[in-house]
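Presented below is the structure to which this report refers.
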Amino acid sequence: MNTLIAGDLAPDFMLKNQNDESISLKQALDKGPVLVYFYPKALTPGCTVQACGLRDTQPQLDGLNVTVLGISPDPVAKLARFADKHALNFSLLSDEDHAIADAFGVWGEKKFMGKVYDGIHRLSFLIGQDGKVAHVFNKFKTKDHHEVVLNIIEQQ
């Protein structure tokens with residue numbers, strides 16, 4: 001994996017969200033900074049805790065003009081179920097071929113219970129309006145992700 005670092009230009013993308021609408025990074029950046037967070041699989045315990053934390057922090061993020069975009073390799077229909085079940089108030093984007101995960105450097109070898117497989121590594125990127133990575137979030141627990149993100153954003 002060749003993960004993006006602070007200062008790198010974030011690759012633009014256009015992906016379908018849970019409502020089957022096309023969302024681009026460029027479009028989102030027109031409104032302010034963007035938090036692009038990658039998660040392995042919708043409707044799983046860790047990913048649900050992480051998403052619900054961001055959902056609950058959305059008013060503060062809105063106040064800072066930060067758009068949240070969650071990206072996983074799940075199909076649009078599964079993202080719709082995830083968003084509906086947990087009343088998620090931000091876009092979940094489908095990256096089924098993991099091209100965007102590859103571009104951000106978050107797709108790679110993982111190990112779980114003795115099995116080795118390729119998948120998404122749980123990382124988040126704060127993208128400034130200039131399109132550059134302002135911060136990489138790579139050290140957090142799913143239950144604290146939203147707090148770590150908010151603390152960094154408020155310091156900038």
Side-chain angles (χ1 to χ4, degrees), residues 3-96 98-101 103-107 120-156:
T3 306
L4 295 181
I5 60 171
D8 285 349
L9 188 63
D12 193 20
F13 55 79
M14 174 87 66
L15 294 171
K16 295 282 188 175
N17 72 1
Q18 70 268 29
N19 301 318
D20 205 32
E21 302 164 333
S22 293
I23 304 289
S24 75
L25 177 59
K26 187 175 188 297
Q27 170 190 24
L29 285 171
D30 287 343
K31 300 171 191 161
V34 176
L35 175 70
V36 177
Y37 88 96
F38 289 89
Y39 62 99
K41 194 171 183 180
L43 297 167
T44 58
C47 295
T48 298
V49 166
Q50 184 178 18
C52 289
L54 287 169
R55 173 201 66 200
D56 296 344
T57 309
Q58 195 63 45
Q60 293 97 312
L61 293 169
D62 284 346
L64 296 164
N65 293 319
V66 175
T67 300
V68 175
L69 301 175
I71 300 178
S72 74
D74 297 302
V76 168
K78 187 171 184 182
L79 297 178
R81 288 194 308 275
F82 188 32
D84 288 344
K85 182 173 183 177
H86 298 288
L88 300 179
N89 50 10
F90 52 87
S91 285
L92 301 174
L93 306 178
S94 175
D95 184 24
E96 288 189 84
H98 59 81
I100 306 310
F104 274 76
V106 299
W107 184 267
I120 283 189
H121 289 255
R122 193 183 302 273
L123 290 157
S124 299
F125 301 84
L126 181 63
I127 313 298
Q129 278 195 278
D130 60 359
K132 292 183 180 176
V133 175
H135 192 86
V136 179
F137 300 92
N138 56 4
K139 295 194 184 329
F140 58 85
K141 293 181 171 46
T142 54
K143 66 180 175 126
D144 300 330
H145 177 248
H146 62 288
E147 293 169 355
V148 171
V149 166
L150 199 55
N151 287 339
I152 292 294
I153 293 171
E154 288 176 338
Q155 290 174 17
Q156 293 191 346

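Since the structure is predicted, the reported quantities are computational estimates derived from the model, not experimental observations.
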How far does NE2 of H86 sit from CG of D56, to the nearest 0.5 angstrom?
12.0 Å

Atom CG in L61, atom CD1 in I153: separation rounded to 0.5 Å?
5.5 Å

Below 3.5 Å, can you tabulate the donor-acceptor pairs from side chains in residues 21-30 to any protein atom, sequence neighbours excluded?
unit_1	atom_1	unit_2	atom_2	d
E21	OE1	N17	ND2	3.0
S24	OG	Q27	N	2.9
Q27	OE1	S24	N	3.2

Drop me the distance from I120's CD1 to D95's CG, to the nearest 0.5 angstrom.
6.0 Å

Distance col, row N19:CG vs S91:OG, nearest 0.5 angstrom, shows 7.0 Å

NZ of K139 to CG of L123: how many Å apart, nearest 0.5 Å?
9.5 Å

Across all chains, not counting sequence neighbours, the side chain to side chain donor-acceptor pair (under 3.5 Å) partners of H98 are D102

Let me have the donor-acceptor pairs involving side chains of residues 62-76, under 3.5 Å, with sequence neighbours excluded, atom names and distances please.
unit_1	atom_1	unit_2	atom_2	d
D62	OD1	Q58	NE2	2.8
S72	OG	Y39	OH	3.4
S72	OG	D74	N	3.3
S72	OG	D74	OD2	2.7
D74	OD2	A42	N	2.7

Return the set of residues passing ring pair (Phe, Tyr, Trp, His ring centres under 6.0 Å) with H145 (not counting sequence neighbours), or none when no residue passes.
Y37, F140

May I ask you to decide if the ring planes of F38 and F125 are parallel, tilted or perpendicular, using 30° and 60° as cut-offs?
perpendicular

In this structure, which one of K143, R122, K141 forms a side-chain hydrogen bond (donor to acceptor under 3.5 Å, both in side chains) with Q50?
R122

Between T3 and V106, is there a donor-acceptor pair closer than 3.5 Å when you use the side chain of the first and the backbone of the second?
no

From CA spacing to verdict: side-chain contact (heavy atoms from CB on, under 4.5 Å), I127, V133:
CA-CA 5 Å; I127 313 298; V133 175; 3.9 Å; yes

Is a side-chain N or O of Q18 found less than 3.5 angstrom from the main chain of F90, in a donor-acceptor match?
yes

If you take all heavy atoms of L4 and P11, which pair is closest and at what distance?
CD1-CD, 3.6 Å

When rounded to the nearest 0.5 Å, the distance separating SG of C47 from CG of L92 is 10.5 Å

Is any side-chain heavy atom of L54 less than 4.5 Å from a side-chain heavy atom of L35?
yes

Going by the side chain to side chain donor-acceptor pair (under 3.5 Å) test, which pairs reach into residues 146-156, not counting sequence neighbours?
none

Run the side chain to side chain contact (heavy atoms under 4.5 Å, CB included) test against R81 and tell me which residues pass, sequence neighbours left out.
L43, A77, K78

